[in-house]
Amino acid sequence: MAEEKRMTGRKFFTVTVLNGAITIVEAVGGLLSGSLSLLSDAFHNLGDTFSIVISYIAHRISLRNEDERNTFGYGRAQILAAMLNALLLIVVSIFLVVEAIKRLSHPETINGELMMSVAIVGLAANLASAILMHRGSKHNLNMKATYLHLLSDTLSSVGVIFGAIMIQWYNVTIIDPIITIIVAAYITFESCPIVRHTITILMQGAPQMDYDAIKRDLMKIDGITSVHHIHVWMIDENRIMFSAHINMRDMLLSEAEPIYHQVEEVLAKKYGICHVTLQAEDVRGRGEEMILNEDLDEQLLKRQNEE
């Protein structure tokens, strides 16, 4: 774990330095050349620099152990960072589209040669950063959002180079805002699923699962007579939690424990569930629905009456 922290820290530091440097280069180059797409790339890189710092801070927080304040740990710090970074991408993209539309109506003179030179430098830096972050992006929304920032800048640099060629060779200056709009639309398209996924997790949403199949599998275990009142939710993109009430024949606690182990094994191997909480019952709740629609107001009133 310590080695992983050091490796991740070095990656974040290297990528932050690369993005900070290329932001300055592209901003100056965009102003001197008059290229909006180059300036948009600089804006993206500036956003990336902030997002990488946020992602790293969230990554360090997520490594903290569970404690009295957060008994499920701090993994959702990365989910919050992923949502923030994806939203930032969408906001920046909208701003750039507005500016590009203005440029379509009022095209400006652009220095294609300078634009291409700066874009090539930007492409090299963005590609190196994206390669560094690619490995951790497959199973971590926070890393994926950061990687998407870097990938979008890489694609943006490719678009800027293409635009520079068209401007330098054919003097087609309108290609500059068009490329800006295309890249912004792609970034927004890729960012929206991350926002939806993070909101689902923060709302304690459940992954797509066949609850009838879960019940059938649990009912096959000797000793379980019914399953009801199931709750499934995600702590982060990798950890699924499960709780349920199970009706069991009357038995000793020592006889129930092997059944618990079988339930945990089935849920872990077949459904990827990492944490299971079970409430054993004899006849109580038998016949209730698997997903129980609880009326919280009614429960509160009942408790007040009992007191």
Which pairs of donor and acceptor atoms, one on a side chain in residues 243-251, lie under 3.5 Å apart (sequence neighbours left out)?
residue	atom	partner	partner atom	Å
H245	ND1	E281	OE2	3.0
N247	OD1	H228	ND1	3.3
N247	ND2	D282	O	3.2
N247	ND2	R284	O	3.1

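- Distance CG/L278 to CD/E264: 7.0 Å, rounded to 0.5 Å.
- In this structure L202 satisfies the side-chain contact (heavy atoms from CB on, under 4.5 Å) test together with R76, I79, L80, M83, sequence neighbours excluded.
- The side chain to side chain donor-acceptor pair (under 3.5 Å) test applied to K269 returns E265, not counting sequence neighbours.
- Taking CD1 from I273 and CZ from F242, the interatomic distance works out to 5.5 Å, rounded to the nearest 0.5 Å.
- No side-chain heavy atom of M234 sits less than 4.5 Å from a side-chain heavy atom of Q204.
- Atom OH of Y260 is surrounded by more than 12 heavy atoms from other residues, nucleotides or ligands within 6.0 Å.
- Looking at I230 and V227, their side chains come closer than 4.5 Å, going by heavy atoms from C-beta outward.
- We find the CG-CD1 distance between N85 and I194 to be 9.0 Å, quoted to the nearest 0.5 Å.
- Taking CZ of F162 as the reference point, atom CD1 of I179 lies at 6.0 Å (rounded to 0.5 Å).
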Do any side-chain atoms of residues 206-214 form donor-acceptor pairs under 3.5 angstrom with protein atoms, and if so which ones, sequence neighbours left out?
residue	atom	partner	partner atom	Å
D210	OD1	D212	N	3.2
D210	OD1	A213	N	3.1

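- Contact of the I221 side chain with the L218 side chain is registered, since non-hydrogen atoms from C-beta on lie closer than 4.5 Å.
- Under the rule for a side chain to side chain donor-acceptor pair (under 3.5 Å), T188 has no partner lying at least two apart in sequence or in another chain.
- Between I240 and Y271 the shortest side-chain heavy-atom distance does not fall below 4.5 Å.
- Here the closest heavy-atom approach between residue S191 and residue I90 is recorded as CB-CG1, 3.7 Å.
- Through direct or relayed side-chain contacts under 4.5 Å between Ile, Leu, Val, Met, Phe, Trp and Tyr, W233 connects to F72, I235, M241.
- By the side chain to side chain donor-acceptor pair (under 3.5 Å) test, T200 is found to be paired with no residue, residues two or more places apart in sequence or in another chain being considered.
- Among pairs with a residue in residues 82-101, those fulfilling ring pair (Phe, Tyr, Trp, His ring centres under 6.0 Å) read F43-F95, at least two apart in sequence or across chains.
- Listed by first then second residue, pairs satisfying side chain to side chain donor-acceptor pair (under 3.5 Å) with a partner in residues 64-73 read D67-Y74, N70-Y74, not counting sequence neighbours.
- Once rounded to the nearest 0.5 Å, the distance linking CD of Q78 with CD1 of I201 reads 11.0 Å.
- Residue M219 is grouped with residue V266 when hydrophobic side chains (ILVMFWY) are merged at heavy-atom distances under 4.5 angstrom, including chains of intermediate members.
- V121 and V28 fall within the same hydrophobic cluster, where Ile, Leu, Val, Met, Phe, Trp and Tyr residues are linked whenever their side-chain heavy atoms come under 4.5 Å apart, directly or through other members.
- Closest approach of A58 and A81 over heavy atoms only: CB-CB, 3.5 Å.
- Put simply, V232 and I199 are part of the same group of oily side chains (I, L, V, M, F, W, Y) that touch within less than 4.5 Å, one to the next.
- Note: the hydrophobic cluster containing M203 also contains L87 (ILVMFWY, side chain heavy atoms under 4.5 Å, direct or indirect links).
- Linking ILVMFWY side-chain heavy atoms closer than 4.5 Å, directly or via other members, places L32 and I120 in a single hydrophobic cluster.
- For R239, the salt bridge (charged side-chain N to carboxylate O under 4.0 Å, His left out) partners two or more places apart in sequence, or in a different chain, are D236.
- By the side-chain contact (heavy atoms from CB on, under 4.5 Å) test, I178 pairs with L104, I174, I182, sequence neighbours left out.
- Atom OG of residue S226 and atom NZ of residue K215 lie 5.0 Å apart, to the nearest 0.5 angstrom.
- The salt bridge (charged side-chain N to carboxylate O under 4.0 Å, His left out) search around E255 returns none, not counting sequence neighbours.
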